[in-house]
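I have a structure here, written as structure tokens, and I will follow up with some questions on it.
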Amino acid sequence: YSTFASCLVTGKSENGYVLLKEETLEKMITPALCPRAQDYFSNMLKPGYSYGLGVWTHVDPDISKVNTPIKEFGWDGAAGSLAAMDKESQVSIIYMQHVLTCGPAKQIHKDIKSMVFDIINQ
């Protein structure tokens, strides 16, 4: 899983295989929600984020209260897993847990991402 996340960040596998064209990934992380869906997503599900093609993407750190860069992207799972990536800093974060309907996962994800980017930005 971490190898896949690294490929999304760098655009290539360890042996140089191109996983996605740069323009494809750029389309994936470009917000694609209509205004009504964006309102719902940002207010109810993931404040400060939008959704592109298959991944959420960070659009407003003032709202999200997360110190990750704009266009940080990824997905999370119903049982609390997290995949978060940032092309600019070349960072990928994979966090796995399996606790169905884990309410605290949202805060855990914020804390993990904030800790990683605090270290990077030192």
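If you read the sequence from its start, that first residue is 1, and numbering goes on from there.
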Interatomic spacing from NZ in Lys106 to CG in Asp111 - rounded to 0.5 Å =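 That separation rounds to 14.0 Å.
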Using a 4.5 Å cut-off on heavy atoms from C-beta on, say whether the side chain of Phe4 contacts that of Ile94.
->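 A side-chain contact under 4.5 Å is absent here.
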Approximate separation, where rounding is to 0.5 Å, of Thr3 OG1 and Leu8 CG =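 Answer rounded to 0.5 Å: 11.0 Å.
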Which heavy atom in Val66 sits nearest to a heavy atom in Pro61, and how many Å separate them?
->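 For Val66 versus Pro61, the nearest heavy atoms are O-CB, 3.6 Å.
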With sequence neighbours excluded, residues passing side-chain contact (heavy atoms from CB on, under 4.5 Å) with Glu22 =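 Only Glu26, Lys87 meet the side-chain contact (heavy atoms from CB on, under 4.5 Å) criterion with Glu22.
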Can you name the nearest heavy-atom pair linking His109 to Ser81, along with the distance?
->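 Shortest heavy-atom contact: CE1-O, 3.3 Å.
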Between His58 and Gly48, which heavy-atom pair has the shortest distance, and what is it?
->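 That would be CD2-O, 3.3 Å.
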Hey, any chance Leu19 and Met28 share a hydrophobic cluster, counting ILVMFWY side chains that come within less than 4.5 Å of each other, even indirectly?
->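 They do share one cluster, since a chain of ILVMFWY contacts under 4.5 Å joins Leu19 to Met28.
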Residues two or more places apart in sequence or in another chain: which of them pass side chain to side chain donor-acceptor pair (under 3.5 Å) with Gln90?
->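 Gln90 satisfies side chain to side chain donor-acceptor pair (under 3.5 Å) with no other residue.
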Is the backbone of Ser6 close enough, under 3.5 Å, to the side chain of Thr10 for a donor and an acceptor to pair up by distance?
->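 Yes, the answer is positive, given that a donor and an acceptor are paired below the 3.5 Å cut-off.
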Any link between Leu25 and Ile70 through a network of hydrophobic side chains (Ile, Leu, Val, Met, Phe, Trp, Tyr) touching at under 4.5 Å?
->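 Cluster IDs for Leu25 and Ile70 differ.
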Distance-minimising heavy-atom pair for Val9 and Ser92 =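 Between these two residues, the closest heavy atoms are CG2-CB, 3.9 Å.
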Find out if a path of hydrophobic residues (ILVMFWY) with successive side-chain heavy-atom gaps under 4.5 Å connects Tyr1 to Met85.
->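 Yes, Tyr1 connects to Met85 through the hydrophobic network.
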Looking only at heavy atoms, what is the nearest atom pair of Val91 and Ile93, with distance?
->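 So the minimum-distance heavy-atom pair works out to CG1-CG1, 4.1 Å.
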Contacts of type salt bridge (charged side-chain N to carboxylate O under 4.0 Å, His left out), residue Asp76, not counting sequence neighbours =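 Only Lys46 meet the salt bridge (charged side-chain N to carboxylate O under 4.0 Å, His left out) criterion with Asp76.
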Under the side-chain contact (heavy atoms from CB on, under 4.5 Å) rule, collect the residues that match up with Thr24, sequence neighbours excluded.
->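 If we apply the side-chain contact (heavy atoms from CB on, under 4.5 Å) test to Thr24, skipping adjacent residues, the hits are Leu20, Lys21.
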OG of Ser64 to NZ of Lys113: how many Å apart, nearest 0.5 Å?
->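 Reported to 0.5 Å precision, the distance equals 7.5 Å.
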Does Tyr51 have any side-chain contact (heavy atoms from CB on, under 4.5 Å) partners at least two apart in sequence or in another chain, and if so, which?
->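 Only Leu33, Phe41, Trp56 meet the side-chain contact (heavy atoms from CB on, under 4.5 Å) criterion with Tyr51.
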Nearest 0.5 Å please: distance from the NZ atom of Lys12 over to the SG atom of Cys7.
->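 Atom-to-atom, Lys12:NZ and Cys7:SG are 11.5 Å apart.
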How many angstroms lie between atom OG of Ser50 and atom NZ of Lys71, to the nearest 0.5 angstrom?
->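 Result: 12.0 Å between the selected atoms.
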Kindly work out whether a path of hydrophobic side-chain contacts (I/L/V/M/F/W/Y, heavy atoms less than 4.5 Å apart) joins Tyr49 to Leu45.
->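 They do share one cluster, since a chain of ILVMFWY contacts under 4.5 Å joins Tyr49 to Leu45.
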Identify, with sequence neighbours excluded, every residue that meets side chain to side chain donor-acceptor pair (under 3.5 Å) alongside Asp118.
->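 Once residues adjacent in sequence are excluded, the partners of Asp118 under the side chain to side chain donor-acceptor pair (under 3.5 Å) criterion are Asn67.
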Can you tell if the side chain of Ile29 reaches within under 4.5 Å of the side chain of Val55, non-hydrogen atoms only?
->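 Yes, side chains in contact.
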